Amino acid sequence: MKEDFFKVGYSKYLDKNNQNEKKRTKHIVNKLLKKRFIIVTSSIIIMCFFINFFLIYKFVKIIDISYRY
């Protein structure tokens, strides 16, 4: 009698919503995995630029110190 009063049951709609949310994140991850070569290459190039500027700065600083003496 209590089951008929509340009419509680399983809905397939709830299950579909949970799967769609997982697919969205999976879709983003798949896009990143497909473009990982571009991402890795660009990150290496950016790191090289920063290291290059840092080394140039240190070199100029050393030359400036040696010039003073």
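Note that the structure is predicted; figures quoted are calculated from it, not measured. Below, each value reflects all heavy atoms present in this structure, side chains not excepted, and no hydrogens, waters or symmetry copies.
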For [X], which residues count as a side-chain contact (heavy atoms from CB on, under 4.5 Å) partner, sequence neighbours excluded?
X: Ile46; result: Phe50
X: Thr41; result: Phe37, Ile45
X: Ile38; result: none

Once rounded to the nearest 0.5 Å, what's the spacing between atom [atom1] of [X] and atom [atom2] of [Y]?
X: Lys26; Y: Leu33; atom1: NZ; atom2: CG; value: 8.0 Å
X: Ile39; Y: Ile44; atom1: CD1; atom2: CD1; value: 12.0 Å
X: Ile63; Y: Lys58; atom1: CD1; atom2: NZ; value: 14.0 Å
X: Ile56; Y: Ile51; atom1: CD1; atom2: CD1; value: 12.0 Å

